[in-house]
Protein chains: 2
Amino acid sequence: MTNAKSEIFQQFAELARVLGQGNRLELLEHAAQGERSVERLAQLTGLSLANASQHLQVLRRVGFVRSRRDGKRMLYRLGDGPVIELLGALRRYAEHSRAEVRGIVSDYFNRLDSLEPVSREALVKRLDDGSAVLLDVRPEDEFALGHLPGALNIPFADLERRLAELPKDTQIVAYCRGPYCVLSFEAVAALRAKGYDIRRLEDGFPEWKAAGLPVGTVGAGNSP
Amino acid sequence: MTNAKSEIFQQFAELARVLGQGNRLELLEHAAQGERSVERLAQLTGLSLANASQHLQVLRRVGFVRSRRDGKRMLYRLGDGPVIELLGALRRYAEHSRAEVRGIVSDYFNRLDSLEPVSREALVKRLDDGSAVLLDVRPEDEFALGHLPGALNIPFADLERRLAELPKDTQIVAYCRGPYCVLSFEAVAALRAKGYDIRRLEDGFPEWKAAGLPVGTVGAGNSP
DNA sequence: TTGTCATTCAATCAATAACTTGACTGATTG
DNA sequence: CAATCAGTCAAGTTATTGATTGAATGACAA
């Protein structure tokens, strides 16, 4: 009776506890970008290999990530439950209530509000009527694993060299890994300084995918 | 740079960690029903007074609950951020991915699916056209602190004695504290056995309130 | 003021968690 | 069939956390 009730709370708590560790959240965010090896994830987060491996197993135990073997590599990717939704709810709560988060975010992303992010809905409309061009500033390998249809991939590091590929007369919408990924913020700042009309997509690739919207892979929509 | 990023993850993790404890989730659920004293919450959850107090302070530190003093009592209630939404996301994830949760839920709430819960939207429509009567089976004190407008309050314990107040010719929609509150499940089971046409509201009082829908207090919509 | 009630604080202890190290396993490559 | 590579496992260390106890506070009532 009361037993079953508190058992449910225990289940919920176990899930929350898995998210209750910064390193795991960071691993999860990286895994949400696409499949990654343990070694890569350890690199990306700065964790030791064994430590990353252990955290990934914790994440896997509750289904936040799944894994498969590819030769001698073990590849981890996001699980198929509503994980992104859960992380989104966490983020929204944090933004609402935590001065620290708001402070860090706005300090870091120099005046985030002035960048006026574009919503998914608005993006779809603007791509339809040709009034915007979509730019993916993530590294090539992440792009290859999946991207928004029709996006042009110029990794942030290559942006300076490849300015010629960007239109000066059409608005650009940039996106990257998610709401806290810096790449698109920095791309927007850099390109605005050069006179481009550019805005940021509110969401990143994982949110787009989680919403069940179509996803391109290499070969589609990215011909040079 | 990377520092600010992992600082954000730390912030998120702290929030999740607070939810990562069954007792705290249970306290939170009770506080979500309305204002309650520490003593009451300790009773409801079976925790020691000091322990409950300490957990409540942890919950307060991150804004999941707020407190105010009333004489010598300290009253705790739900915080004003999107807490219910966060808990809902947690619940939905759990339902999607955890066989344990699904098992417990369906074992416990004898064939939950056969009870065909009514959605909020459907309820509003049916109350409008008079094709349903709304029944709140929570204890009187919880009802007094807030309830769905127009609801009739018959605490589950009093149901047998007060059957006369219920219509046999109109459908009844019962609700209680939330998706995992047993009262409405049991009320539905009991009244169905007696031939009433009764269904369960999908949500409980906290979800209704969190959705910004109107809430009644004693005196409104409950006149005998 | 003194006493009482409701809650919080402080100290303590046991249990759990995160990270490290080094050994182990499984799949590929020479 | 070694040798190597990628990842996991097991054991140990240190730090956190949850619960208990008893003392301390703050508000009110006699």
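These numbers come from a predicted model, not from an experiment. Here is the naming used below: chain letters follow the sequence lines, and residue numbers restart at 1 for every chain.
- Going from atom NZ of B:Lys72 over to atom P of C:dG3 covers 15 Å, rounded to whole Å.
- In this structure, B:His55 does not reach the D:dT17 phosphate: none of its side-chain N or O atoms is under 4.0 Å from OP1 or OP2.
- With hydrogens and angles disregarded, no donor-acceptor distance shorter than 3.5 Å links the side chain of B:Asp136 to the backbone of B:Leu148.
- Residue A:Ser53 places no side-chain N or O under 4.0 Å from the OP1 or OP2 atom of D:dG7.
- Rounded to whole angstrom, the span from the CG atom of B:Asn51 across to the P atom of C:dA6 amounts to 19 Å.
- Contact check, B:Ser48 against D:dA19: no side-chain N or O comes under 4.0 Å of OP1 or OP2.
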Could you walk me through whether A:Arg120 and A:Glu207 pass the salt bridge (Lys or Arg N to Asp or Glu O under 4.0 Å) check? CA-CA 10 Å; A:Arg120 270 203 302 263; A:Glu207 286 80 11; over 6 Å; no
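- The residue A:Gln21 sits close only to the backbone: its heavy atoms come under 4.0 Å of sugar-phosphate atoms, none of a base.
- Across the protein-nucleic acid pair, A:Met74 atom CE and C:dT25 atom C1' stand 12 Å apart, rounded to whole Å.
- Considering every non-hydrogen atom in both A:Glu26 and B:Phe9, the closest pair reads CG-CE1, 3.5 Å.
- Atom CZ of A:Arg69 is separated from atom C1' of D:dA6 by 7 Å (rounded to the nearest Å).
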Let me see the working for B:Arg68 and B:Glu35 under salt bridge (Lys or Arg N to Asp or Glu O under 4.0 Å), right down to the final yes or no. CA-CA 9 Å; B:Arg68 73 179 175 94; B:Glu35 280 193 320; 2.7 Å; yes
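- Two residues are said to be in side-chain contact when any heavy atoms from C-beta on lie closer than 4.5 Å; A:Leu25 and A:Leu19 meet this criterion.
- Between B:Gln57 and C:dT7 there is no side-chain N or O to OP1 or OP2 distance below 4.0 Å.
- Within the structure, every side-chain polar atom (N or O) of B:Tyr76 is placed at least 4.0 Å from both OP1 and OP2 of C:dA6.
- If you take CG of A:Leu49 and P of C:dT21, they are 13 Å apart, rounded to a whole angstrom.
- Comparing C:dA6, C:dC9, D:dA10 by their closest approach to the side chain of B:Gln54 singles out C:dC9.
- Following rounding to the nearest Å, B:Glu35 (CD) and C:dT7 (P) show an atom-to-atom distance of 12 Å.
- Rounded to an integer number of Å, the gap from CG of B:Leu56 to P of C:dC9 is 12 Å.
- Of the candidate nucleotides C:dT7, D:dA19, D:dG7, D:dG7 has the atom lying nearest to any side-chain atom of A:Glu39.
- Between the C1' atom of D:dG7 and the CG atom of A:Asp70 lies a distance of 13 Å, rounded to the nearest Å.
- Among the heavy atoms of the strands lying under 4.0 Å from A:Arg24 are primed sugar atoms or P, OP1, OP2 only; no base atom is included.
- At C:dA17, none of the side-chain N or O atoms of B:Arg17 fall inside 4.0 Å of OP1 or OP2 (strictly under the cut-off).
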